[in-house]
Protein chains: 2
Amino acid sequence: MPVPSLPVIRELVRCYQAFDAVAGAHIRSLGLTAPQFDIIATLGNTEGMRFKELGEKTLCTKGTLTGIVDRLADKGLVRRVASPTDGRSQIVQLTAAGEAVFAHTFPAQIGYMDTVLAEVDTERMARLQQDLHYLRGILERKGKP
Amino acid sequence: MPVPSLPVIRELVRCYQAFDAVAGAHIRSLGLTAPQFDIIATLGNTEGMRFKELGEKTLCTKGTLTGIVDRLADKGLVRRVASPTDGRSQIVQLTAAGEAVFAHTFPAQIGYMDTVLAEVDTERMARLQQDLHYLRGILERKGKP
DNA sequence: CCACTTTAGTTCTAGTTAGAACAATTGTCA
DNA sequence: TGACAATTGTTCTAACTAGAACTAAAGTGG
């Protein structure tokens, strides 16, 4: 007898929406959109990476990624560098200004979320993380054709 | 000592993204976008409701809701009716065609997600639902100014 | 009663999303 | 080697998101 999916799905969606509202508002107060923050956070502490890798890590589609990187480049926070090994490919990396923004915003956001979740039950969060990981594994398998 | 938020947040985001990819693709195969489906599902089995109520239930902002309802109205699936009690307000309700689409797509989507999650550990899902509900409660409280 | 405040939904802007089409480059295999 | 397939990032379209500004209607309180 399969478990009815609606209640747990609804809770997953609602919980995510609540998180997105809280986290997104704080990120925007730092001067970035959530997707821009995600790109910067992914590039932080790396030498850069190809668009393809960046898209895989952020689950961002090619067309969207181009737009976001364009706008971050306009802000002077990232740059494109031709790949040394593949004529089709480009490396996206943080500029010095981008690294400064990363150094400022990443700890600020993590710190903020830490305070938001300061009162949570530790054991419960560890359990939640494992259960979410389990569910994600199933969803990702089903998502493959 | 607060629990570091990054690991559980990351898992929440990843799990949601995996769900969104699977569910969204199926909804689109039914001829609707995910937000359109959400509106139709919310209006299903009701006599309709004001924009404000609809927005609260779907967590959709006013400007976005207007656009979605416009497009659903263009498809003939919903209609606007002047509120009998408030000259500023309108009731949004499913048309007969909209109700037929609801009757077809809602069980199809629920059934699909049921099959996707057919193999899950029942106890684990019940636990997950409770833990997500707990986390959501905290996030929603912190989201209030 | 009336001035002022709040509310409802629309319009608008900047940014994001899914996904298709495209040109240029690389990879594969006979 | 060369034809063809696959890959890379860009461009494009339709739709969605946050949030501000707006007009018209309702609510509030002196």
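Below, all heavy atoms of this structure are taken into account, side chains as well, without hydrogens, waters or symmetry copies.
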(message) What I want to check is whether the side chains of A:D114 and B:S5 have a donor and an acceptor closer together than 3.5 Å.
(response) yes
(request) In whole angstrom, give the distance that lies between atom CG of A:L65 and atom C1' of D:dT10. (result) 11 Å
(request) Decide yes or no for A:I68 and A:Q36: does some side-chain heavy atom of the first lie under 4.5 Å from some side-chain heavy atom of the second? (result) yes
(request) Could you tell me the separation between the CG atom of B:L59 and the P atom of D:dT17, rounded to a whole number of Å? (result) 11 Å
(request) May I have the distance from B:Q90 (atom CD) to D:dT23 (atom C1'), rounded to whole angstrom? (result) 14 Å
(request) Looking only at side-chain atoms of B:K62, point me to the closest of C:dT17, C:dT10, D:dG9. (result) C:dT10
(request) Taking the side chain as every heavy atom from C-beta outward, state whether A:Y134 and B:D121 have any pair of such atoms under 4.5 Å apart. (result) yes
(request) With sequence neighbours left out, write down each residue that passes side chain to side chain donor-acceptor pair (under 3.5 Å) with A:R88, or none if nothing qualifies. (result) A:D86
(message) Tell me every residue that passes side chain to side chain donor-acceptor pair (under 3.5 Å) with B:E53, counting only those two or more places apart in sequence or in another chain.
(response) B:R50
(request) Report yes if the side chains of A:V69 and A:R80 come closer than 4.5 Å at any heavy-atom pair, otherwise no. (result) yes
(message) If the condition is salt bridge (charged side-chain N to carboxylate O under 4.0 Å, His left out), which residues does A:D131 pass it with, not counting sequence neighbours?
(response) B:R124, B:R127
(message) Less than 4.0 angstrom between a side-chain N/O of B:T66 and OP1 or OP2 of C:dT11, yes or no?
(response) no
(message) Holding to side chain to side chain donor-acceptor pair (under 3.5 Å), I want the full list of residues that pass it with B:T61, two or more places apart in sequence or in another chain.
(response) B:T64
(message) Going by the rule side chain to side chain donor-acceptor pair (under 3.5 Å), which residues pair with B:S83 if we only count those two or more places apart in sequence or in a different chain?
(response) B:T85
(request) With sequence neighbours left out, write down each residue that passes salt bridge (charged side-chain N to carboxylate O under 4.0 Å, His left out) with A:E119, or none if nothing qualifies. (result) B:R141, B:K142
Would you tabulate the pairs of protein nitrogen or oxygen atoms and nucleotide nitrogen or oxygen atoms of nucleotides 14-16 of chain D closer than 3.5 angstrom?
| from | atom 1 | to | atom 2 | distance (Å) |
| --- | --- | --- | --- | --- |
| D:dC16 | OP1 | B:T33 | OG1 | 2.6 |
| D:dC16 | OP2 | B:R71 | NE | 2.4 |
| D:dC16 | OP2 | B:R71 | NH2 | 2.2 |

(request) Write down the distance between CG (A:D38) and P (D:dT17), rounded to a whole number of angstrom. (result) 18 Å
(message) Would you say that A:I9 contacts B:M113 through its side chain, given a criterion of any heavy-atom pair below 4.5 Å between the two side chains?
(response) yes
(message) Between A:V101 and A:L30, is there a side-chain heavy-atom distance shorter than 4.5 Å?
(response) no
With the criterion being N/O to N/O and under 3.5 Å, what pairs connect the protein with nucleotides 25-29 of chain C, and how long is each?
| from | atom 1 | to | atom 2 | distance (Å) |
| --- | --- | --- | --- | --- |
| C:dT25 | O2 | A:R88 | NH1 | 3.3 |
| C:dT26 | OP1 | A:G87 | N | 2.8 |
| C:dT26 | O4' | A:R88 | NE | 3.4 |

(request) Using atom CD of B:E53 as one end and atom P of C:dT7 as the other, report the distance to the nearest whole Å. (result) 15 Å
(request) Could you tell me the separation between the CZ atom of A:F51 and the C1' atom of D:dT10, rounded to a whole number of Å? (result) 9 Å
(request) Round to the nearest Å and state the distance from B:E56 atom CD to C:dG9 atom C1'. (result) 14 Å
(request) Quick one: list whatever passes salt bridge (charged side-chain N to carboxylate O under 4.0 Å, His left out) with B:R71, sequence neighbours left out. (result) none
(request) Measure the distance from CZ on A:R50 to P on D:dT10 and round it to the nearest whole Å. (result) 13 Å
(message) Near DNA chain D, counting only heavy atoms under 4.0 Å, which residues of residues 14-31 of chain A show up?
(response) A:R28
(message) What's the angle between the local helix axes at either end of the helix from C:dC1-D:dG30 to C:dA30-D:dT1, using five pairs per end and rounding to 10 degrees?
(response) 30°
(message) Run the ring pair (Phe, Tyr, Trp, His ring centres under 6.0 Å) test against B:Y112 and tell me which residues pass, sequence neighbours left out.
(response) B:H26
